[in-house]
Amino acid sequence: MANIQSLRGMNDILGSDSELFTYFVENASRIAKNYGFTYIETPILEETALFKRSVGESSDIVNKEMYQFIDKGENDVCLRPEGTAGVVRSFVENKFDRAGGTYRWYYYGPMFRYERPQKGRLREFHQFGCEVFGVSSVYEDANIIMMIKDILDFFKIGFKLELNSLGDQNCMPAYREKLVNYLTDIKEDLCEDCNRRIETNPIRVLDCKNENCQKLLYNAPKITNNLCEKCDTDFEKLKEILDFNDVEYEINTNLVRGLDYYSQTAFEFTSNEIGAQSAIAGGGRYDRLVEFLGGRVTPGIGFAIGIERLLELVKMQEDEKDVIYLGALCEDALNILTKIASKKRKDSKTFIEYSVRGFGKHFNLAEKQGANIVALIGENEIKDGTIFIKDLKTKEDKTIKLEDF
Ligand code: HAM
């Protein structure tokens, strides 16, 4: 009988990966708490209508990627493809919209999208996200962006921040009309997807990945040139706050995000080190979402980080770090090795082999442990106060003073 395997695009998290995973969640949670956020957990399974009304019926997520089914009670349900909708549902259900005030919540957990799996793109993946309710000030937009930067800086992850404003209900409709007119004129040269989107969601045409479409869109009207006074002032202020705090960003007027609930600020943190799936985190303002889900008008803003993508980058750094193997060529060396290990372990992964072996055997064992530096001590080294070092990658070896190691 064939063994049962996990589903395509769905992974177990174990060993060193699970250690990194919990390390990430602990530290991201700590930073979120410092920004005044408290933990919220919502169900993984929700009514399908929730995502249709929030993420949007024309989005790929809802249209093509939902794990949707009818349960035993004939309810149309689906595994959450993202975290914001459930949090907003909870906000309204628990009547926080009626109570007024400010709420800052963070969450983490699995999300499900039936996408074509590839490196950095899974069907079950994990997000760490934050949502803020009741704050319309653009200072909060800056606050959120700075918090993501704090998290990425903590994990020493290089990134590019792309920023856009999507306008609001005052300026977006007029802009959409302008854009549709432009797109209709070049319709025949645009790809099939874009043609479909002109009707259903013209803004999404702007982030088509097809090179030919991108060329044709070069002269398309830009949302940032068509903002109403409020959106324009807010966007300028946001840029000013980020400049003041030395947060670097690029304006990308084609950044529209794959979820329909955004207005005004939209942003994405990307890295060019993880291949095509370059977005590590994304988010923005959603001042109308509470209302779309039946609540009282309440401003909202949030983001989510893709944990697997972020950890891919952390692992790349780990790969660059030395892993040290310490071996004894005589019994007396072992005590010295324990002292060296306790120093080296302050910042490097370090193994000690407790059995006395020859050079060749130590090199083999070191390789098996994944070490790249082998350090050995025998009688001669003890006598001279030295240590033998071999770099297994470059194959170079040398004997150096113990205090220089
Ligand atoms: P999103 O941009 O769809 O936004 O997802 C956020 C992050 O989740 C992405 O930047 C990416 O790192 C990760 N991600 C998305 N899809 C996959 C996948 N198939 N495999 C691995 N990682 C993936 C949202 O979900 C919004 N709810 C964010 C938000 C919160 N906006 C406001 N509040």
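Hydrogens, waters and symmetry mates are skipped; everything else that's a heavy atom, side chains included, is used. Every number for a ligand or one of its atoms is a count from 1 in the order of the listing.
Gly306 CA, 3.5 Å is the protein heavy atom nearest to atom 13 (C) of ligand 1. Closest to atom 5 (O) of ligand 1, if we only count protein heavy atoms, is Gln127 NE2, 3.1 Å. Shortest contact from atom 21 (C) of ligand 1 to any protein heavy atom: Gly120 O, 3.3 Å. Nearest to atom 30 (C) of ligand 1 among the protein's heavy atoms is Thr84 OG1, 2.9 Å. Nearest protein heavy-atom neighbour of atom 31 (N) of ligand 1: Tyr262 OH, 2.6 Å. Among all protein heavy atoms, the one lying closest to atom 19 (N) of ligand 1 is Glu115 OE2, 2.7 Å. Among protein heavy atoms, atom 33 (N) of ligand 1 sits closest to Glu131 OE1, 2.8 Å. In terms of protein heavy-atom proximity, atom 14 (N) of ligand 1 is closest to Phe125 CE1, 3.5 Å.
Under a 4.0 Å criterion applied to the non-hydrogen atoms of Gly283, ligand 1 contributes the atoms 31 (N). Taking a cut-off of under 4.0 Å to the non-hydrogen atoms of Gly282, the atoms of ligand 1 that pass are 10 (O), 28 (C), 29 (C). The ligand atoms of ligand 1 that sit less than 4.0 angstrom from a heavy atom of Arg121 are 19 (N), 20 (N).
Contact annotation for Tyr261 and ligand 1: only side-chain heavy atoms (C-beta onward) come within less than 4.0 Å of the ligand. Neither the backbone nor the side chain of Leu310 has a heavy atom within less than 4.0 Å of ligand 1.
Annotation: side chain of Met172 is in contact with side chain of Ile203 (closest heavy-atom distance under 4.5 Å). Side-chain contact between Pro202 and Leu183 is present, with heavy atoms from C-beta onward closer than 4.5 Å. Looking at Asp391 and Ile373, their side chains come closer than 4.5 Å, going by heavy atoms from C-beta outward. Looking only at side-chain heavy atoms (C-beta outward), Thr386 and Leu402 stay at 4.5 Å or farther from each other.
On a distance-only criterion, Gly83 and ligand 1 share no N/O pair closer than 3.5 Å. Polar contact check, Ile280 against ligand 1: a nitrogen or oxygen pair lies under 3.5 Å apart. For Ala279, a nitrogen or oxygen atom sits less than 3.5 Å from a nitrogen or oxygen atom of ligand 1, counting backbone and side chain alike. Close N/O approach between Leu122 and ligand 1 is found [any backbone or side-chain N/O within under 3.5 Å].
Using a non-hydrogen distance threshold of 4.0 Å, Met111 does not register as a contact of ligand 1. Assignment of Ala281 to the shell around ligand 1 is supported, since a heavy atom sits closer than 4.0 Å. Contact between Glu308 and ligand 1 is absent, with no heavy atom of the residue lying under 4.0 Å from the ligand. No heavy atom of Gly9 sits closer than 4.0 Å to any atom of ligand 1. Not a single heavy atom of Phe269 lies less than 4.0 angstrom from ligand 1.
Between His362 and Tyr325, the distance from one ring center to the other falls under 6.0 angstrom. Taking the centre of each ring, Tyr103 and Phe91 come in below the 6.0 Å mark.
Closest to atom 4 (O) of ligand 1 by heavy atom, among Arg257, Arg113, Glu82, is Arg257.
To the nearest 0.5 Å, atom CG of residue Leu238 and atom CG of residue Leu163 are 5.5 Å apart. In this structure, Leu310 CG and Ile307 CD1 are separated by 8.0 Å, a value rounded to the nearest 0.5 Å.
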Only distances under 3.5 Å count here; give the side-chain donor-acceptor pairs of residues 27-41 to other protein atoms, sequence neighbours excluded, each with its distance to 0.1 Å.
residue	atom	partner	partner atom	Å
Asn27	OD1	Arg30	NE	3.3
Asn27	OD1	Arg30	NH2	3.1
Asn27	ND2	Tyr23	O	2.9
Ser29	OG	Val25	O	2.6
Tyr35	OH	Asp150	OD2	2.6
Tyr39	OH	Glu41	OE1	2.4

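For CD of Glu177, the number of neighbouring non-hydrogen atoms (other residues, nucleotides, ligands) closer than 6.0 Å is 12 at most.
Classification of Glu353 and Lys368 as a salt-bridged pair fails, no side-chain N sitting under 4.0 Å from a carboxylate O.
The only member of Phe267, Phe269, Tyr249 that meets ring-ring contact (aromatic ring centres under 6.0 Å, His included) when paired with Phe159 is Phe269. Partner of Glu46 under the salt bridge (Lys or Arg N to Asp or Glu O under 4.0 Å) criterion, chosen from Arg89, Lys52, Arg80: Arg89.
Listed by first and then second residue, the side chain to side chain donor-acceptor pair (under 3.5 Å) pairs that reach into residues 279-297 are Glu131-Tyr286, Asp141-Arg285, Arg285-Asp287, sequence neighbours excluded.
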